[in-house]
Amino acid sequence: MKKYLKHVIFLLLLTWSSPFLLAQKKQPDWSKIYAEQLFHITTVMVTDVASPPVAARIYAYTNLAPYRVLQESGVNFKHADILRQSKIQGQMSPLSLEKVASPEFAAIYAMFLVGEKVMPSGYLLREKQNDWKEWGLKTKIVNTKNLEAHMAFAKSIADQVLASAKTDGYLQLTAMNRYTPVEGPGYWYPTPPAYMSAIEPEWKTMRTFFLQNLNDFAPLPMAAFNMETGSSFQKQTMEVYELGKNLSTEERLIANFWDCNPFKVEFAGHMSIGVKKISPGGHWMGITGIAAQKARLDFTETTYLHALLGMTLHDAFVSCWKAKYDTHRIRPETVINQHIDQSWKPLLQTPPFPEYSSGHSVISSAASVILTAYLGDDFAFTDNSEVYFGLPEREFSSFFQASDEAAISRLYGGIHFRDAIENGVSQGKKIGTSIWENLAK
Amino acid sequence: MSPRSQIRHKTLLTIFLTCLVQLALGQAFSSKFEAVPPKKSNITFKNQLSENDKNNILRYEYFYNGGGVAVGDLDNDGLDDIFFTGNMTDNKLYRNLGGLKFEDITKSAGVAGKSTWTTGVSMADVNGDGLLDIYVCYSGKGAPEKRKNELWINLGKFKFAEQSEEFGIADPSNSTQGLFFDFDIDGDLDLFLLNHHIQVVNAIEFDSARAKRHPYAGDKLYENVDGKFQDISEKAGIKGYSLGFGLAVLAADINQDGWPDLLVTNDYIEPDYLYINNGDGTFSDRLTENFQHISHFSMGADIADINNDGLPDVFTLDMLPEDNQRQKLLYGPENYEQYALMIKQGFHHQNMRNMLQLNQGSGAFSEIGQMAGISNTDWSWSALFFDANNDGTKDLFITNGYYRDYTNRDFLKYKGDYYFKQAIAGEKADTLHLVTSMTSTPVHDYFFENQGDLEFSNRSTEAGFAAKDFSSGAAYADLDNDGDLDLVVSRLNEAAGIFENKSNAGSWLQVELRENSKNRFGVGSKLAAFSKGHTQVLELNPTRGFQSSSTFRLHLGFGEDQQLDSLQVIWPDQSVQTLSKPGLNQLLKIEKEDGLLSYRPVDKSEGLLTKLASSPDFVAGSASYNDFKRQPLMITMPSHLGPVMAKADLDGNGIDELFIGGSKGFPAKIFSYKDLTWAPYRGFRSASEFTDAVALFEDFNGDGKTDLFIGSGGYHDYTSEDESLRDRLFLNDGNGVLVPKPNFPNYRISTGAAVALDFNGDGFLDLFVGARLIPGRYPEIPSSKLLLNDGKGAFTLIEEALPLQGKLGMITSAVAQDLNGDQVKDLVIVGEYLSPKALINQDGRFEDQSERYFPTNTSGWWNSLVQADFDGDGDLDLFAGNFGLNTQLVANPKKSLRLYAADFDQNGSIDPILECFIDDAYYPYASRDELLDQMVGMRSKFTDYASYSKAKLTDLFTPAELSQAQLLEANHLESTYFENTEAGFVPHALPRMAQSFPVYAQLVTDVNGDGNLDVVLGGNQSQSRIRIGKIDAGLGLVLLGDGTGNFSPLSLKESGLAIKGDIKSIVDLKIGDDNILVFGVNQQRVEAYQIR
C-alpha cells in the first residue's frame, strides 16, 4: 500500500509539472534522428542496388514528404518555399488537413510511406515504421489516442507525393528503347569486368524539379576523340594512364573515399560477388545530415535542407545523364586498353555508363552550392559517412573542398578524364546556383 | 539402275530397315539398373570432402568437382577391377572377385596415393607389357612438386611401382586427366595431359593470357619415344593458355581419316578445342569451322555414333537444369554487348546447355541436343554412351550435381548484403559462414534410352536412377561377365555406386583386342559390325566419363539378331581384319593377324548438288538492328527477314533474272546470269529505306510483260505507320525497265506475304497482302489487305472483304488454290501463333472456313507455305515450314505456348508475356531480369530470384488482367506435310531431320530427276535471344518425294549441300540445260548450287 501511494504521488507530481518539465527537458536531437531514419531508406537502396540517378530520385521524393508534412502543418521555414518555383507546384496544393500534435513524427512516417512505394524492396521499411511508432509512443511524442491521426496525416501527404512521382516519367522508361552503343571510335562500350548494360540511357526524359531547360545546363564541350600525340584527348588519356600507375597513398585514399559505386562486381569463377556501397547521392545526403547536426538545425530546417538537397541532386543527375547520352563518350579504361596498355586497370571499377560529364563532379558541386549557400563557406565538418565500409573519417574545411575532392577523385580512380571533371564541376555549380537563386525570386 | 536412283534406294532401304529394327526393338528391350549395396559388393569407398576455412570452394574453384573411376582387368583374370580417386581421401583399388564381389587391395598394391588434391585416373598399358598400368592426376593449390602426377606401373599380381619420373610424366601441372592414345600411330601410347587453371582470369587479361603458355594450366602432349615421354605440345600445336579450364578430353577419329583426333572441353569462356590430327605429328584446332555453337561451361563429354551412320557424334555437358525453379534461379541478365564482345574476341557462340553435335560428314555438324532431348541435365560431369539394353543403339548415362548452389543468383545478392550488414554492424565478414550458408541441392543421375531417329527418352527413374546425390566420375564395364554393361559411379560424401545391369536386353557381343606392339590393347582400333544392312561402329578409346576410364572390352548389342553378317576390326594402322558370321552372346578375343590389307576410306561420293563458284556480289543486310532493344520480351528478331528472292525473264532473252530483296540500308537488286557470272540488271532501282518481305513477278497491266510487286516489311526502327512500310508496284515499260507505279494504295503494314490471284473473276490479277506485324507493337495483329486490279495495274483497296477486318493474324505466307471446286481461287494462309486458315472466295469476299479444311491443334509458328500435287491425285497438297523441335520450347495439344499481351503497366508499351510448359507445369518464359526490365511494378513483386522461381502467370497478373489481355496460342511446332484429301488437309510430320531447325524457305522441284516432286528446305534462326542461342542445325535439306506423298531426307553427303546461315529463300533457275538452285542467306551472299 505504501508502495502504491508513493507511485500515485509521483504520478501526480509528474502530471502537474509536465509542461514545465518538458520545457526544461532536452528536445530530441531532431537533426540526428532525421539522419538516422533517412539511413533506413539508404540501406534499402543498397539492398535493391539502386543506380546513382535512381537513388537521387528516391532521395528527392522521400525527403519531399517530410517537407510537405511540415508545410501542411503551417510551420515557418527560414528560407523561401522550395516548391513555389518548381515544376510540381501544381501537384502540391494544400490539403487542408487537420493539424497533428507532432508534425515531426508525421514527417518521418511520411518519409517511410513514400520510401515503401518508390523502392522495390520498400516493404523492408515496414519494420522501421513499426519501430518509429514504438519510439514515438515510448517517448510520448505521440500517444495511442492521436497516433492514428498522425499516420493518416502522413498518409495523405505521402499519397500526394507518390501521385506526383507517378507522373515524372519513371514508369515510361521501360517503354523506351534499350541502349545500343554508338558505333565508331571514341564511343562508349560496356566495360570490364561485368560489361553491364548502360544504366538509364533515357534518364534525360525524366521531369526535373527546378531546371526549366536542360540545354541551359549542358557542360562545356569536351575534347574531341583524337589519339594523335599532343591532342587534348590524347594528353588527357595519358594523364589518367600515368597517374593510375603512380598513385600516392593519399590519392588512393581519396579515390576510394569517394568511390560510391553501388554495385562493384567481383568474380570468382562461376560466382560473381556484388560488393555494395552507397551511391554518390547517398554520400551527399550523409554529409547533409552531418552538417545539419553540426549546425544544430532544428527539425524544420533539417527537413528543409534535406528536401532541397534531394531535389537538387535529382536535377543534377538528369542534367548529367543528358550529357552522358548526348556525348556517348568512351571511358578511359577502354581507350587505354585499346591504344596504350592492354592490361591497364583503373583503381576503381568503371561504372556502367558513358563518361562525359563526371556524375560525381556535377552532383557534388551542385550539392555543395546549396549547402554552402545555406550554412556558409567556411563550414568545417568531419565526414564519417562511410566509416562502416572501413574508410576513415575525413576532415573538410568547407563543402567546396569536399566537392572538389570528390570531383578530382574520379581522375585518381581512373574512371574519368580531366575535362569531364572540370566541366562537370562548373556544370554542377551552375545547376546549384540556379536552383538557389531561383528560390529567392 | 542409275547411280542416282541407287543412292536413293539405298537411303530408302536404310530408312526402311532402321524403322523395322526400331519397330521390332522399341518395345521389347528396356533398361534397368540395380544398386549393389556396399555390404554385398564390399565397395565402401567414399569421396569424402572436409570443408573448413582452408579447404573450401572460395579458395579452390574445383572443390566440388568430385573424383574419378577407372576400370580394367589388372591381372588378366577376365574380370574388370576398379580404381577410385579420392580428392582428399586415399585412392582405393578393388579387385574383382566375380559375382559383383570385390576386395579392397589398396594397401598391398600400394596405390593409395598422396595427400594432394587428387583428380582423374586412367588405365592404360603404358609400357606395352600386356598389363594395364594406372595414371593418377593431381591438382589443388599446394606446391607444384607436391602435385606431380603418378604412374603406377603394373608388376603383375596386383603389385605396382610408381615410375612417373622414369617415364618422364611426373608432371606438376594442375591436371584433370591423362589420356593415353597412339596419336602418331607408331605402335606405342602417347599421352595428352588435360590441365586446368586454378585462378580466375579476368576479361581484360584474355588477350595477354592467349599470348603465352601457362606452365601448370596449359594442356600438354607427350610423345612416347622408346618408353620415355617428351613434351611436344608447342611443336604439335597444342594450346596451353591459362584460359584453359580443361574438364574432359576424348580421342576419336572425328573426320574419319584414320588418325585419332581430340576433343578438349573447357569450362568458362575459353571455347572447347577440336584438335584435328594432321597426320604429321601436329594438330589443328578446327572447332569453329566444325561446330556452329558450343556449350559455354563445358564439363564432361563423350563421342559416339548415336545414330549408327558410322560417323562419331560429339556430346558436351553443361549445367542447364531441367526444372523451372532451378532455371530461374540460375538465369541472370542477358547482355548483347558482352556477347558481341565474346564473338569479336574469338570465343565463338556459347550457350549454357548440353550440346549434341551430329556428325554429317565432311566437317558438317548439326547441333540437335534439344531435339534429341538430352540438353538439360543440370550441372553435369560424366556422359557415357553405351548400349545398356543391347538393342543396337547407344543409350546415355549422365552423372551430375554440385555440392553448393554456387550460381544461385540470390546468393550473389545475399553475399553483398551480408558484407554490407556486417560492415554496418562493425563485424568482420566470415567467409566460411558464407560458404556453408549456400544451399545444397542433390540431383538424380540421368539415364536416356536411345529411341532411334535422333531421339532419347528420359528413363532415369524407371532405369533405377531416381536417387538424388552428387555424382562425378563414372565408368562402364561388364563387371559380372553376364553380357551387359554395369556402371560404377563416384559420389561426393557418399559411398560409390555399383549399378548392376538388369535390363531386359537383347543379344550381344564383346570383343577384346590384342596386337603385337607396344600398343598391346589396340587403343584407337575401330570395330564395325554388320547385320542385315545395319551397321554399328565402336572405337576403342577407354578414357571417357569425367576424370575416368571405362572397360577395354568393346561391347555391342544386337537386339533380336542372333548372328552377324560380319565383323571388322580396323586396327590403328588401318589394316582390316574381318570375321565372317561370328556368333553372338560371346566374348571374342581377337589378336591382330599379320599381312592384313589396309583399309581405305571410301571415296567421298559426290552429292546431287554442286556448289557454284560464283554468286551475285550482294549482301542484303547487316546485324545492326537489335529488335530486343525495342521489345525485350520477343523471342526472335523480326527485322532480319531477308533476302526474299524472285525470278522472271525481264529482258526477254529466255534466261530468268534473279531479284534479291533488300533491307533497310541495302536496297534490292536484280542480277542476270551470263557466262558463269552474275551481272547487275540495269532496269531496276529500289530505295534504301525499305525492307523487302515479298516479291511477285506477274503481268499486272496485261501488256504481256512481267511487272514486279514488292511487299515492304521489317521491324527495324520503323514506326507503326512508317512511310517505308508502303508496298510498291513496278511496271515493265516494255523494254525491261521496271518503273515505279505512282498512286499505288498507300496503306502501311509490315507485310509478311502476298499472293496474286483474280478474286473477282474479271480476268485481272488482284492481290492479297498478308500483314506480319506492327513495328514496336508485337504481337498486336495488323490488318491484311485485298487490292483490286482494274486491269491496267491500277489497284484499289477493297474494304470489308476479309474476315475480322483483315486482322487474321501475324501472316507469314499464303497460297491461292481452289479449295471447294467452284473454279474460283481461295486462299490458304499461315502465320505465327496461327492455325492454317482456309479463306473461301465467295464472289470476291472471303469467308473463314478453316475448320472444314484443317484439323484443330495445328496452331504453329509457321514461316513458309508451298503447294504442289505431291501424291499425284490431282489436287494441291501443302508443305508448311514451322519452328521445329530443336529449342527449349515445347508445344503440343497438351502443352501450348501462350502469349499474353497487353499494356499491363499502362506506360504505353505492349508487354508480351510468353507462358510455356517447363518440365512439369506452365510458367512465364521470361527470366526475372527480363520481366523486371519490362515492367517497373514487377520489381517490388519479385524482390529476389527465389520468389520468382516458383511464380506462375497468375502470380504476375490478376485474373482480370489476364482475361482482358490478347491471348495467342501455339500447339504445333513441327514442319508438316498437309495431304489434300476429300476430308480436308491431313497433317503428316516431316522427317525428324527437318524438325531440327525452323523452316523459312521451301522449294518444290525434282532434284534427282526421277519424275517425282522433291522439296528443298532451308531455315535456321540466328537472331534469337541469347538464352535461346543460334538455332542453326539446318544446312540445307533435300526431302526426296516418291510421288505418293512419302518423303525421305538425303544426308548432306548425298545432297552435296552444306550451307551455314539462315536461309530465307530458295529459287530455281533454268539456264540453258543447267538447273541451278539459289539460296538466299540472311546477312550473307546468296549461294548457288547446280543440280547434277
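Each chain gets a letter, A, B and so on, in the order the sequences are listed, and its residues count up from 1. Both backbone and side-chain heavy atoms feed into the values below; hydrogens, waters and symmetry mates do not.
Nearest heavy-atom pair across A/Pro190 and B/Glu337 is CG-CB, 3.3 Å. Here the shortest heavy-atom pairing between A/Arg178 and B/Asp933 reads NH2-O, 2.7 Å. Taking all atoms of both residues into account, the shortest heavy-atom contact from A/Pro193 to B/Gln338 is O-NE2, 4.5 Å. The heavy-atom pair separating A/Glu183 from B/Ser624 by the smallest distance is OE2-CB, 4.5 Å. Nearest heavy-atom pair across B/Gln906 and A/Gln172 is O-NE2, 4.3 Å. Shortest non-hydrogen contact noted between A/Pro120 and B/Thr943 is O-CG2, 3.5 Å.
Here the CD atom belonging to B/Gln631 is positioned 9.5 Å from the CG atom belonging to A/Asn177, to the nearest 0.5 angstrom.
Looking at B/Asp207, the atoms closer than 4.5 Å to chain A (heavy atoms on both sides) sit in the backbone and in the side chain alike. Looking at A/Thr180, the atoms closer than 4.5 Å to chain B (heavy atoms on both sides) sit in the backbone and in the side chain alike. In this structure, no portion of B/Pro333 lies under 4.5 Å from any heavy atom of chain A. Neither the backbone nor the side chain of B/Ile910 comes within contact range of chain A, judged by heavy atoms closer than 4.5 Å.
For residues 187-200 of chain A, no pair satisfies side chain to side chain donor-acceptor pair (under 3.5 Å), with sequence neighbours left out.
When the candidates B/Ser208, B/Gly908, B/Pro632 are compared by the number of heavy-atom contacts under 4.5 Å with chain A, B/Pro632 comes out ahead. Comparing B/Asn626, B/Leu341, B/Asp944 by how many heavy-atom pairs each has under 4.5 Å with chain A, the most go to B/Leu341. When the candidates B/Gln422, B/Gln199, B/Arg630 are compared by the number of heavy-atom contacts under 4.5 Å with chain A, B/Arg630 comes out ahead.
For A/Lys345, the NZ atom is loosely surrounded, since the number of other residues' heavy atoms within 6.0 Å does not exceed 12.
By the 4.5 Å heavy-atom criterion applied to side chains, A/Thr174 and B/Met938 are not counted as neighbours.
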